[in-house]
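Take a look at the structure set out below.
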Amino acid sequence: MNFKGRDVISIKDFSREEILYILDVAEKMLPIAEGKKKSNLLNGYIMASLFFEPSTRTRLSFEAAMKRLGGNVIGFAQPGTTSLQKGETLADTIKTAESYCDVIVMRHPKEGSARMAAKFASVPIINGGDGAGHHPTQCLLDLFTIRKEKGQIEGNRVALLGDLKYGRTVHSLAYALALFKVDMVFISPPELQMPKEVIEECREMGANITIKNSLEGLDEIDVLYVTRIQKERFPDPEEYKKVAGSYRIDLKTLENVKEDMIIMHPLPRVDEISPEVDETKHAAYFRQTFNGVPVRMALLALVLGEIK
Amino acid sequence: MKELKVQPIKDGTVIDHIPPGNAFKVLKILGITESLPDSVISIAINVVGKRGKKDIVKIENRELKAEEVDKIALIAPNATINIIRNYEVVEKRRVEVPDEIVGIVKCPNPNCISNTKEPIKTRFIVKSRQPLKIKCYYCEREPEDISSLIM
Ligand SMILES: Nc1ncnc2c1ncn2[C@@H]1O[C@H](COP(=O)(O)OP(=O)(O)OP(=O)(O)O)[C@@H](O)[C@H]1O
Ligand SMILES: [Mg+2]
Ligand SMILES: [Zn+2]
């Protein structure tokens with residue numbers, strides 16, 4: 001499989017086999033990601049990290065990934081410090097940046113920005129989030145986490161919980177899980193349900209889908225993927241409190257769950273998961289965050305052609 | 001009897017069966033006033049034909065190719081392209097919606113990169129022709145009311 005020069009814009013740009021291959025490479029990166037083994041694989045390469053919108057995890061883990069592999073990083077963490085504020089187009093910023101680097105990682109508030117950047121750049125573009133659009137590296141690290149924690153992706157019953165309507169990353173995750181024909185339960189308030197098109201697409205791909213409005217039946221779940229319910233979605237703050245409260249995960253909601261059920265969350269969390277859950281063996285979200293590093297190392301090494 | 005609501009031309013192209021009032025839009029989409037500055041172009045608006053009112057555009061001394069004309073399929077799905085040689089219709093073709101629609105439809109997503117000052121044209125992938133379904137190449141939004149988005 002040759003990934004050299006490829007852009008990483010949407011999870012849909014990758015086949016099931018390609019995804020598995022990326023996860024295999026990420027697996028091999030683990031000791032380097034943990035700092036137990038040193039690597040010079042990307043020595044001499046420069047990654048431009050262009051964050052037109054703030055991010056903690058995505059940006060830090062990309063930069064850590066590049067540096068763990070012996071590469072260099074240039075870039076900015078918010079647009080305030082760039083000529084973008086003077087009205088420069090993204091296209092021009094990309095054309096400038098690409099002349100200084102070998103790969104560009106970007107986050108931008110507009111949907112389709114990464115797709116556009118890829119048209120202007122000859123170096124690979126890795127999308128670190130484009131507005132409400134795609135976030136493929138999050139999706140890959142989620143899959144990596146499920147496989148690492150559960151041994152394989154197939155055969156699990158995965159519940160996606162929270163705002164399933166607006167969160168496009170959760171749509172991509174549903175799609176990716178459907179590639180593996182995973183059984184899924186979509187749990188959300190009725191007003192934040194998974195869009196019909198996503199449900200239909202997953203079913204057409206052969207995934208078994210159940211739709212629920214409450215936390216009942218968690219005892220059948222292997223992976224509980226929690227997402228944030230945003231206050232802005234509710235005109236009435238009281239209504240928000242009520243809804244958010246009824247989907248909150250605490251020790252009580254976990255009483256009857258499977259011994260080895262894991263809880264994932266893309267973070268940052270607000271109060272979807274009570275801090276007391278952190279101490280349980282179910283809490284996988286901090287390990288999940290760490291997994292961003294090996295997965296992003298794998299992508300960098302692959303698109304730069306240092307791993308074939 | 002031959003229906004000739006516009007002056008006969010010797011050679012060129014007649015675009016017939018354009019929905020009434022859309023002749024100027026057709027010319028704009030074809031970009032013809034810029035690309036053919038020396039062609040004589042006549043238009044007839046609200047011509048009453050056998051199947052009700054329509055607009056007609058005729059372009060002298062220029063035979064339009066399929067891929068040039070297919071761009072108008074969004075606003076004139078029933079248009080016919082008639083190639084005229086020596087005053088006779090020698091070829092008649094219907095327009096077909098192309099695989100991609102570039103620079104014609106505006107993306108309805110206000111947060112789409114194609115709605116900014118970036119140096120790109122709007123671009124939609126045609127997912128289905130009957131019924132017409134298109135998807136923004138950039139933000140992947142699939143607009144409902146396509147005709148209201150024609151620029
Ligand atoms: N020499 C010409 N100069 C200008 N317009 C012409 C000429 N010949 C035909 N046309 C026009 O081209 C169109 C197609 O001509 P055609 O003779 O095929 O008419 P038709 O049989 O009514 O076709 P349709 O079924 O497509 O309406 C008509 O609008 C006609 O007026
Ligand atoms: Mg006729
Ligand atoms: Zn768009």
Side-chain angles (χ1 to χ4, degrees), chain A residues 7 9-13 50 52-53 79 83-97 106-121 125 127-136 139 165-169 171-172 174-175 195-198 200-201 204 232, chain B residues 28-31 34-35 67-68 70-75 77 97-151:
Chain A
D7 302 306
I9 309 296
S10 156
I11 195 71
K12 292 196 178 177
D13 299 339
L50 311 183
F52 300 90
E53 208 178 49
S83 54
L84 218 91
Q85 267 203 329
K86 298 180 196 138
E88 184 175 59
T89 60
L90 172 62
D92 281 0
T93 308
I94 293 292
K95 282 188 268 183
T96 305
M106 61 177 278
R107 168 169 293 184
H108 191 280
K110 295 282 176 186
E111 281 107 68
S113 50
R115 188 74 74 196
M116 185 201 81
K119 301 227 93 189
F120 286 97
I125 297 281
N127 184 8
D130 59 333
H134 298 287
H135 194 0
C139 189
K165 182 171 181 190
Y166 297 99
R168 274 245 244 151
T169 53
H171 305 166
S172 316
Y175 166 86
K196 268 203 309 285
E197 310 85 70
V198 180
E200 274 164 29
E201 183 178 40
E204 275 165 26
E232 303 88 89
Chain B
K28 190 173 161 239
I29 289 177
L30 291 176
E34 297 100 67
S35 66
E67 57 289 5
E68 289 179 273
D70 280 343
K71 292 193 280 189
I72 70 166
L74 285 187
I75 58 159
V97 176
D99 294 339
E100 281 200 10
I101 298 165
V102 178
I104 297 171
V105 176
K106 183 180 150 59
C107 181
N109 174 6
N111 209 40
C112 176
I113 193 76
S114 72
N115 283 319
T116 61
K117 59 182 171 50
E118 296 298 331
I120 49 168
K121 287 183 174 167
T122 65
R123 186 166 161 197
F124 286 83
I125 312 295
V126 174
K127 288 185 67 190
S128 119
R129 291 185 166 77
Q130 255 345 311
L132 184 62
K133 277 192 192 161
I134 62 175
K135 175 168 154 181
C136 177
Y137 171 79
Y138 293 102
C139 75
E140 299 177 15
R141 180 79 67 95
E142 295 180 20
E144 301 273 323
D145 184 10
I146 298 166
S147 57
S148 72
L149 297 168
I150 292 171
M151 298 193 286

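So that the names make sense, note that chain A is the first sequence line, chain B the second, and so on, each numbered from 1. Nothing here was measured: the structure is a model prediction, and the numbers come from that model.
B:I75 pairs with exactly one of B:I104, B:I146, B:I150 by the side-chain contact (heavy atoms from CB on, under 4.5 Å) rule, that one being B:I150. A side-chain contact (heavy atoms from CB on, under 4.5 Å) with B:I134 is found for one member of B:I125, B:I101, B:V97, B:L149 and no other, namely B:I101.
In plain terms, the two heavy atoms of A:D130 and A:G112 that are nearest each other are OD2-N, 2.9 Å.
The SG atom of A:C139 sits 10.5 Å away from atom NZ of A:K12, with the distance rounded to the nearest 0.5 Å.
Of the atoms belonging to B:S114, not a single heavy atom falls under 4.5 Å from chain A. Both the backbone and the side chain of B:N111 come within contact range of chain A, judged by heavy atoms closer than 4.5 Å.
Contact count against chain A (heavy-atom pairs under 4.5 Å) is highest for B:E140 among B:R141, B:E140, B:R123.
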